[in-house]
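Worksheet for the structure shown next.
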Protein chains: 2
Amino acid sequence: MAASRYLQIAEALRRSILGGEYPVGSQLPSESDLAARWSASRGTVRQAVALLASEGLIGSRQGARRIVLRRERRHSFAELNSFAQWAQGEGYEISSRILTRTRRPATPTESTRLTLPPGAGVLYVVRLRLLDGEPAMLERTAYADWVAPSVEELPDDCVSIMNSLADAHGIVAHYGDHLIDAVPAGSVDARLLHVRRGSPLLRQRHLTCTATGRPIEWTDDRYVAGAVTFSVSNSADASPLSRRAGRLDG
Amino acid sequence: MAASRYLQIAEALRRSILGGEYPVGSQLPSESDLAARWSASRGTVRQAVALLASEGLIGSRQGARRIVLRRERRHSFAELNSFAQWAQGEGYEISSRILTRTRRPATPTESTRLTLPPGAGVLYVVRLRLLDGEPAMLERTAYADWVAPSVEELPDDCVSIMNSLADAHGIVAHYGDHLIDAVPAGSVDARLLHVRRGSPLLRQRHLTCTATGRPIEWTDDRYVAGAVTFSVSNSADASPLSRRAGRLDG
DNA sequence: GAACCCGGCTTGTTCAGACAAGTTCCGTCC
DNA sequence: GGACGGAACTTGTCTGAACAAGCCGGGTTC
């Protein structure tokens, strides 16, 4: 339990806010107060509050005390790249069926996104995801050739491929790009997701990379309308000074 | 131009990355290098690189040099709050038509979102937004009663209401919550946006607040499929994005 | 009563130095 | 050749100090 000092402070403050000790709209103690209370320097306290600010929990204006903006916890990045992780956290019964798993040459889009050399192959996987037994999402993923062997040795009913890759091979997703839009269901989508052709789907395409910027996968996920809503919070002072914490890659 | 030192450094580095001086995948100079080059302290340099990291331009791992992750500038979600700001930045010809502007009692959803006392009124505005003359988005906004007078005195063809509020009354949007999903076009949507009924729309509902957490507006924006794609980048440390299930009433 | 100003408080920015923890790379040993 | 070990380097965390910039309340003035 040797977490950094600023993480401890942040965690304590977070708990106080979530627990209602500092109600929404109220002021946080000043930095010097907190520094004294934790016998830490002001700089360390600032790291802690910067972290909370980046989570959207608190806001700040120069000269005025920090203010509690909201009381809910926001989910972090890992859950964005992992449908399974998110769904389990929300208490859903989740299952998935692999419909296709083939090696084939990369399409032009995949080559570009995954920055593959011309002629390289990918492992193409189509999975149907169900929430509480209902079809909720259709996932088409192209894995870069260098991870393909690791993916292929996973069992067919593997719930979270990214989690398994991290555990078994130390391949950890570090960041990603996401493109979100709405598209009409194609005939394949419609049949598999049990919706009418042309009905709205929420599409999320994303690229996942390692900490060194090496692309892992390029995915096209299509959600049944109403099954999922993306939620974003943003603050004007988009957390500039956030010196950050993070446990990654092996 | 007495911008902060760390902002100057960040801007210079950003330009170098965007200009290709540091290609994607290459290493940035070490912090001490940069500190020496700018005759600044290491702490200041760290603020600069933290900013770039939060923009997704660079990544870092303890012990290894920082790596350039991408070369395009990503828009921050701050611009999510302003359609006008985004569209102008992208070079679109933008126009808008106000279709409705009425005072009426708040709906239950609006009361909850805007945390209004029971029975309070809102200013309800419906606007059609066009990109290069094509209908692109239908915007339904409920302004809290305390900003309603300021909004009403704006001209009908005002391009960016939030910008005007900031300039004229010092009412500045500081943070917001966004809910993104896909919905079928209703008959009103279909007629105004020139699409068929039931065709996919990308819906973005959002709440905008001041720095003190006071709600300003609650909006329901519906984009024609294909007109707009939301783009998010995130790194492992802190992501503003999360995913929510099903129907969040309201 | 209303407008104004000022002093105290609080956050924003910067500095210089120190140690911890992780990465990289090279030389050595088997 | 390959495994091991260690030195040099780099980022992560923390301290204590100082000044700038902005906010707030209270007192003064009109």
Side-chain angles (χ1 to χ4, degrees), chain A residues 1-11 13 26-54 58-69 170 172 174 210-213 235-250, chain B residues 1-11 13 26-54 58-69 170 172 174 210-213 235-238:
Chain A
M1 273 314 216
S4 312
R5 202 102 184 74
Y6 81 92
L7 287 177
Q8 295 173 26
I9 299 175
E11 178 55 28
L13 284 176
S26 68
Q27 297 185 331
L28 239 54
S30 74
E31 293 176 358
S32 3
D33 258 23
L34 291 172
R37 194 173 308 179
W38 287 84
S39 47
S41 77
R42 203 184 137 215
T44 303
V45 169
R46 281 179 68 78
Q47 284 189 66
V49 293
L51 182 59
L52 297 189
S54 80
I58 63 179
S60 66
R61 286 137 66 215
Q62 178 171 136
R65 291 260 277 275
R66 271 167 231 275
I67 288 177
V68 176
L69 291 179
V172 180
H174 181 246
T210 65
T212 55
S235 217
D237 55 340
S239 76
L241 78 138
S242 76
R243 313 166 190 173
R244 23 194 59 211
R247 156 116 269 102
L248 8 139
D249 228 289
Chain B
M1 292 306 128
S4 310
R5 202 103 182 72
Y6 80 91
L7 288 177
Q8 295 174 26
I9 299 175
E11 178 55 28
L13 284 175
S26 69
Q27 296 184 331
L28 239 52
S30 73
E31 293 176 358
S32 4
D33 259 22
L34 291 171
R37 195 172 308 179
W38 287 84
S39 47
S41 77
R42 202 184 136 213
T44 303
V45 169
R46 281 179 68 77
Q47 282 189 69
V49 293
L51 182 59
L52 298 190
S54 80
I58 62 179
S60 66
R61 286 141 65 218
Q62 178 172 136
R65 290 258 278 277
R66 271 168 232 275
I67 290 177
V68 177
L69 292 179
V172 181
H174 185 249
T210 66
T212 56
S235 16
D237 308 314

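Hydrogens, waters and symmetry mates are skipped; everything else that's a heavy atom, side chains included, is used. Chain naming here is simple, since letters A, B, ... match the order of the sequence lines and numbering starts at 1 in each.
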Starting from [atom2] on [N], measure out to [atom1] on [X] and report it in whole angstrom.
{"X": "B/Gln27", "N": "C/dG22", "atom1": "CD", "atom2": "P", "value": "19 Å"}
{"X": "B/Gln47", "N": "C/dT11", "atom1": "CD", "atom2": "P", "value": "16 Å"}
{"X": "A/Arg42", "N": "D/dA20", "atom1": "CZ", "atom2": "P", "value": "14 Å"}
{"X": "B/Tyr6", "N": "C/dC15", "atom1": "OH", "atom2": "P", "value": "13 Å"}
{"X": "A/Arg46", "N": "D/dG12", "atom1": "CZ", "atom2": "P", "value": "18 Å"}
{"X": "B/Trp38", "N": "C/dC15", "atom1": "CH2", "atom2": "C1'", "value": "18 Å"}
{"X": "B/Leu7", "N": "C/dG12", "atom1": "CG", "atom2": "P", "value": "13 Å"}

Using only atom types and a distance under 3.5 Å, with no angle test, would you say the side chain of B/Arg5 pairs donor to acceptor with the backbone of B/Trp38? yes
Output yes when a side-chain donor or acceptor of A/Ser30 lies under 3.5 Å from a complementary backbone atom of A/Asp33, and no otherwise. yes
Are [X] and [N] close enough that a side-chain N or O sits under 4.0 Å from OP1 or OP2?
{"X": "B/Ser41", "N": "C/dG17", "answer": "no"}
{"X": "B/Thr44", "N": "C/dC15", "answer": "yes"}
{"X": "B/Arg5", "N": "D/dA20", "answer": "no"}

Which protein N or O atoms sit under 3.5 Å from an N or O of nucleotides 5-10 of chain C?
{"unit_1": "C/dT10", "atom_1": "OP1", "unit_2": "A/Arg65", "atom_2": "NH1", "d": "2.9"}

Contact summary for A/Ile58 and A/Val68, nearest pair of heavy atoms: CG2-CA, 4.2 Å
Which pair of non-hydrogen atoms, one from A/Arg65 and one from A/Pro29, has the smallest distance, and what is that distance? NE-C, 3.8 Å
List the steps and the verdict of side chain to side chain contact (heavy atoms under 4.5 Å, CB included) for A/Arg61 and A/Ile67. CA-CA 9 Å; A/Arg61 286 137 66 215; A/Ile67 288 177; 4.2 Å; yes
Toward the 5' end of DNA chain D, by each residue's nearest nucleotide, A/Arg61 or A/Ser39: A/Ser39
Inter-residue atom distance A/Leu52.CG - A/Glu11.CD, 0.5 Å rounding: 9.0 Å
Spatial distance of atom CD1 (A/Ile9) from atom CG (A/Leu51) [nearest 0.5 Å]: 11.5 Å
